[in-house]
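Data first, discussion second: the structure below is written as structure tokens.
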Protein chains: 2
Amino acid sequence: MAEELSATHAAAEKGLAAQAASDEPIRARNVLKILTAAVEIFSRKGLDGARIVEIAKASGLPKGNVYYYFSSKEEIYTAAIDHLIHSWDDAFRHISADREPGDAIEAYVRAKLDNARENAAETRLFANEILQGAEHLSVAARDHMRTVTSEKARVIDAWAAAGKIEKIDARHLFILLWSVTQFYAEFEALACDALNVDELTAVDYDMAAKTITQTVLRGLMIRLS
Amino acid sequence: MAEELSATHAAAEKGLAAQAASDEPIRARNVLKILTAAVEIFSRKGLDGARIVEIAKASGLPKGNVYYYFSSKEEIYTAAIDHLIHSWDDAFRHISADREPGDAIEAYVRAKLDNARENAAETRLFANEILQGAEHLSVAARDHMRTVTSEKARVIDAWAAAGKIEKIDARHLFILLWSVTQFYAEFEALACDALNVDELTAVDYDMAAKTITQTVLRGLMIRLS
DNA sequence: AAAGAAGTTGACAATTTGGTCAAGTTTTTT
DNA sequence: AAAAAACTTGACCAAATTGTCAACTTCTTT
């Protein structure tokens, strides 16, 4: 029962499946346990490196039970992957034409950093999947990402056209923002070394947000003369 | 023989073991073949996910022969990992106190991007190792990284103290530069989607360098007023 | 050219792994 | 409360995987 509580709590903390364990109690709860454990393991080891006994152990269920809900390792993996895209472009909503560029980009950076910190395992899983070639991301998911990116690039272009920011390649700018905001969660070990700390705290994330926005915003601001 | 040639060529292209196949011909050549193949496979699958038959096949040697040179998968992995740190901090030499900040940082970004592009597999392997918790990086290697980072942070601080750039947290700035310069190699699939291309070419890397330096350098430049 | 060292190889053993299943228990339905 | 559905579980199997090895070939030394 301690297991149930902690598993549910962990799941609530992460972004995985917001629905509570009320309508379809047992199945929903166990699937959640498994997926939460799976995200953690897959995020470190990848599809081929993860052992399903490990996932079973981490979820508190015997292996046979895991196979009662999922018919293969692949199925668990793709189920876990499917959650990722939504949280990926969620922060993107801040980049909208009717906002001031400075506010919008700062809000985006904060949202992205917060998300990376709160859903570190999911962030790592996404990184792992891309590192391995993104072969398990559905075509629909990748299309969606491309569409959203193009759409948001037009917002940046419009800001530049309106003289609100310097002209810049929007897509490379997005890559810059993605890479740095995800870095702290994906490569925490390296970030700790670089910052000379044992683990990243809220203060570090705050300083990260400050440094990123300071640098990028100043870099984009129009200079008269 | 076509195999030998291509393996040697691939090895020369990558940063792995510069020594030619002349002083200790057979052993050196085969170890190189194996390590080159291993970096490629490990960079995608990680230590647990990689199968040594895969490495054997990719190196063109039968599995038994691989075990003639290495006594375990772990040993191949750590041998491959040990090469990484040098190429990691190589670009860092551009950040030196006697240069102008603008030149230095631009040179650093270019060097880092070039290295990531030329040694894509090694870059991915490094990323993979950190993602999994950096448990196979030697203590010496991590100490070295910490030391170099601190040293270079002092250069940034000195530039700021001399009024050459805006005050900034040097360590977070480094993280920003690392993350974005490595992104194109590590997450090529995502970069392609973002840039709406099928594969990254020299032009894309060039535009990346331009956008990064434009943004970061303008962000750091002192404004009178 | 003979002998010893170095390298090659496929077949083999031991272990791990993904996945199944039949026999049980618990929960839900009627 | 009985029957049906849903869930649990450890034992089990087949395939995959790591690592070994003895017989063999090629190179180096003298």
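We name chains A, B, ... by the order of the sequence lines, and we start the count at 1 in each one. On a predicted model such as this, the values are computed, not experimentally measured, just so you know. Note: hydrogens, waters and symmetry copies are ignored here, and every other heavy atom, side chains too, is used.
- When heavy atoms are screened at a 4.0 angstrom cut-off, A56(B) is found touching no nucleic acid atom at all.
- Remark on DNA chain C: of its neighbouring residues G64(B) and E74(A), the 5'-side contact belongs to G64(B), judged by nearest-heavy-atom nucleotide.
- Below the 3.5 angstrom threshold, one finds a donor paired with an acceptor across the side chain of K63(B) and the base of dG19(D).
- A tilted orientation is assigned to the rings of H172(A) and Y184(B), their planes being inclined by 30° to 60°.
- Each of N65(A) and I26(A) was matched to the nucleotide of DNA chain C holding its nearest heavy atom; the match closer to the 5' end belongs to N65(A).
- Under 4.0 angstrom from either OP1 or OP2 of dA16(D) there lies no side-chain N or O belonging to R51(B).
- A salt bridge does not link K152(B) to D157(B): none of the charged side-chain nitrogens sits closer than 4.0 Å to a carboxylate oxygen.
- F70(A) comes within 4.0 angstrom of no nucleic acid atom, judged by non-hydrogen atoms across all strands.
- Look at Y69(B) and you won't find any side-chain N or O under 4.0 angstrom from OP1 or OP2 of dA6(C).
- A salt bridge between R146(A) and D143(A) is present, with a side-chain N of the basic residue lying under 4.0 Å from a carboxylate O of the acidic one.
- A close approach under 4.0 Å does not occur between any side-chain nitrogen or oxygen of Y67(A) and OP1 or OP2 of dT20(C).
- Side-chain atoms of R142(B) do not come within 3.5 Å of backbone N or O of L137(B) as any donor-acceptor pair.
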